[in-house]
Participant: 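First the structure, which I've put down as structure tokens, then a few questions once you've had a look.
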Amino acid sequence: MPTFDDMIETPAAPEEVWKALYDPARFPEWWAGVQTVQTTTDGFTMYVDGYPDFPMPQQLRTSRSDRRVTVSCTVSDLVFDWRLEENGSGGTRISVHVEIPAAEAARLAAQRETVAASLQRLAAVATGVPPGRG
Amino acid sequence: MLRIRVLGDLAVEEDGRALDPPASRRAWALLGWLALHPGLHPRGDVAARFWPDVLDSSARQSLRSALWALRRALGPASTAVVSARDRVGLDPRAGTWIDLAEFTALLEGGRAEAAVALCRGELLAGVEDEWAVVARAEHRDRVAQALHDLSDATADAGDRATALTWARRAVSLEPLSEGATRLVMQRLAESGDLPAALGAYGRLCDRLARALQVAPSPATRALADELRAGEPAVRDGPAPLPRPATPMSGRGLGDGPLVGREEELASLLGAWGAARNGTGAAVLVSGPPGIGKTRLGAELAALAVAEGAIVACCQAAGDGAAAPLSLWAELLRALLRALPAPPADAAWPEDLALLVPTLARPGRARIAVSPEFERTRLNEATIACLEWAASASPLLLVLEDMHAADAPSLALAAYAARRLPGLPVLVLLTRRDAPRRAEVATLEHTLRSRGLLGTELALEPLDRAAAASLVRGCALLADADVDRIVAAVDGHPLLAVESARALAGNARSLPRGLRGAVQATLGGLPAAVHDLAHAVAVAGRPVNSAEIRAFGLDPASVLDAAVAAGLLIVTGVRLAYRHALLRDAVYAELPEHRRAALHARWGALLAGAGDPGRAAEAAHHLRLGNDDASAVRAARHARGVAAVSEAAAYQAEAVALAPEDPALALELAGIEAARGRADAAGEAFARAVALLESVSDPLALARAHVRYAEWHHGQICIPRVAAEASRRALAILDGAGLHAVPERDEALTILAFSEALLGDQAAADALVAELKPPPGADDEAIFRHGRARSVARIRGARFAESYAPGIAAGEATERLGRADLAFTAWINIAGAAVCAGELDRALGFVDRCSAALQGKGMPVLEVNVLLARCFILTREGSLGKAREAALGARRLAARIGADELCGAADADRARIELAAGAFEEAAELFAVALATDGPFSRALARLARAEALARLGRCDEAEQELRAMVLEPVTPGDWPDTLVARLARVQGLVALARGDISQAVSRLQESAAGWRRRAGAAHAGERWAATLADIGRPVVGVVEPALELELVLTDLRAIQQGAVDAHV
């Protein structure tokens, strides 16, 4: 299964990053390619740019042991593990680990780009600066 | 005719007319003496007896005066009194009738009953001269003997009631007579009333302690021991073992007086004294094998018994591998033997019957509950039994060799010990220094950390003087031999005793070590003694005469030799090793094949006897005897006593032995499910299904799937799996064209319930519409139907419509007596009523739930009901009552040692204080709760604590709490979609506390926007269902976005009002 990791630091406090990361309604603000999100009590559904009729139900969960926020797609095995840590100067180190199902291995390069862009936008959103759509 | 009665107050009558006594008491006493000694006596002797301290002439003068007064009082009858110059007395020729003479004649004539009937009271009551006191005592003995004979004679004739009456008269005649009390004990035991027999013993101990400050004699103690140990006096019980040549009064007491342990005994007596006065505790005696732990415990037990306490002992064996809870089963058996029948209205005997089957009463069936509650119920029943026993008399419970105890017994000891404070109970635990087992260390740590382990004694070797004294006390040896032993044993008391015995017996030289001593002892004995010693060693517990005979041995022929050698002791009908180490030494000497054969023989014997109380023991022996079927039996027992971990291990063993048996695999899956281990359950289930599919039995296959579904909507709450298994079961039945009404009905109700939780409202509604209880449906089916309907309606936010099916489900559980299911049924609709805003109704449902749980031994559920009540009362603003409920929950949780539930109760208390504006208390209580792993939302608790801190102006701490919150795990039960709005609100409050109004308004508006997005009544049912599925148990409280929004808006209005006020 192809995987990759990426990381960025932001001066925003972990709480602010967490709010952006934890509120699927705000995904379109920073997650590249996400157009709209519908929330439910036990998950949410993302609609990505270019595929308005293709719902992608997601689940979001956290892990106490390693402080991860995991977003996983319930229709494919695509998994995003987001991890927040204090960076020692009041800001936050945001790490992401992505797992791509073997069947979708061709999307690896595209996902790298998407995630890199998303990280930058998330770092900006958390500081309260609205990023431009990338 | 003159009639004189001395058997009572002195009374005299002539021809039926009572004569008044003379004014002179000496004259009256003189008549009494003369009646006791009919005939004539030298005047000088009589005078000297009555007036010994005066001159002879004065004494004679006094006698003359007394005789004169006496004759005057007797009037015409005075002719019976001879007062000659040198002799005085009652004239034998006068035909005077004296009751004492009549008593003697009747007794000698074999008419004891008539003789005893003459006794109106103590001989010459009120006369306190020395001769009278002596005569009284002698007569008392004669009466006592007569009563004893009468009791024996009537008992032999089969009239137990009258025999007991005579025995009791003997006790009332001589309350301090041990012989009389033993007679009563014997009679009571013969009539089957062992508790009363031991009660009589206890009362004697009291009397002796009070009047004479002494303990009963060894003979009486031995009888009490016998009664406790077995049923020697019951005429239809096992035959008593022949009296051994060396009498022993009980375990550990055969080594002579306690030597070199005075300080340790004083410590134990201190703990016992405190316990007896109501401050119960545990004490621990540790040390290497044979150092004297058993002996010390036995000494304390003897002293406690002498004080009238109830003492029960048990000893672990099997190095932790014995049947689960076997240690407690032995202890409770011993305890219950000393007690009367349990109260008729108590529920615990049926629960405890899992361990002691004889407790089960006719017509009082035990109702099983879900596996997760069985263990607690058993624990609570044990506590109830101990509390009841301790209400009659202080208890000393001796649990020996805890290093070898089975794990569930250790856990139960920890559970029970928490209730000791406030009870007159002392628990004496002994253990060896090695091996150190983690479970034993955990037990000790639990007791120590809770302040329950009052005394800890680590026994050291005896010093040389004490060791020498011990050796001399148990064998007649030359000084040189004593010195050799003392030098060799290094202060080890058991080895000292065994070496002394060996040297005094057949051994030519000092044996090496304990095994050497045992070998030396056995070496000189015939083969039949070896067989007996081996059989008892392999049995691993005291065995009675019937068991020994059933085993094929005749104890009569070899018992004397075995007991005289000091290996075995006899208590009543039971035969046991004098010390566990001796048993271990003999057991260790047995070749492996011989050991296995003997285990197999005991196993077959016990299994064949059909005593359910010995089933686990039988399985244990069969396992050690390499019997394949034993694992299944052992697993069944373990599961029966809610020891699911052990049950899983045994069942896995059974599956490994018979891998082609689907029933075994399915049973293993069920046990794993009961342990909450979904993966292991799934694995075993897959194996069972594969086997069932290979034999083409669709009904069995469908049933297996229904069971799987059942586990996953019960112990393991995974609605998706439950729904899949239900569908699979239905498909199998359809495919095979089977009606199988009960199976279909169960699958459909589980499917409807699961669909409701999964969120497919349409599917749930469709299934509920189809649901119809089959004709003659039982209450379990009615419960399932009611629950499925009610949950589907709650999920669809049709809260009021959920009440009727929920009530039907709740009432069905009450008829079933299933308090665990009642909790589910009532709390579900209480939650629905909260969602509908009908708080009074919700409280009514909670009340019904409380009533259903009352006295059912499920304190964990009771805590949860109190927390539900707390939530509803907080919600309606009745903070005082809510606080009361939270405190009640906290107390109950603490009583059962449930730290996590204590945390949940503290978190609820904290919420109440936050609502009441007591922010300091709220912050403190939240901190306490968060230090536990309680079943409450940690993220919400941190947010609430941050709010309390913000309101206190402790902004830095509030921000730290928010930082910690974002790193907490979040599950659906935390209502994750609302957390961002909550966080924003608390950030607003922190900004406000810092005086940053603009930031405060911005954060609060952010929060309000978050809540507005989530407002809408339709979500309430979904939230309820999602939470239930997440935490796997009923919930009462759900998040209410409209209320939350109003709180935020109130904060905003307050800021705006503040700004206006400031402007004005």
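Just so we're clear, the structure is a prediction, and the values are computed from it rather than from any experiment. Lettering follows sequence order; numbering is per chain, from 1.
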Participant: Mind listing the closest non-hydrogen atom pair of B:L983 and A:K19 along with its distance?
Facilitator: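 Shortest heavy-atom separation between B:L983 and A:K19 comes out as CD2-CG, 3.3 Å.
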Participant: Report which part of B:A981 has an atom under 4.5 Å of a heavy atom belonging to chain A: side chain, backbone, both, or neither.
Facilitator: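 No part of B:A981 comes within 4.5 Å of chain A.
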Participant: By a 4.5 Å heavy-atom criterion (distance strictly below it), what part of B:Q987 contacts chain A: side chain, backbone, both, or neither?
Facilitator: side chain
Participant: Taking NZ, NE, NH1 and NH2 as the nitrogens, is one of them in A:E16 or B:R963 under 4.0 Å from a carboxylate oxygen of the other?
Facilitator: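 Here A:E16 does not pair with B:R963 in a salt bridge, since their nearest N and O are not under 4.0 Å apart.
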Participant: Should the heavy atoms of other residues, nucleotides or ligands under 6.0 Å from CD of B:E1046 be counted, would the total exceed 12?
Facilitator: yes
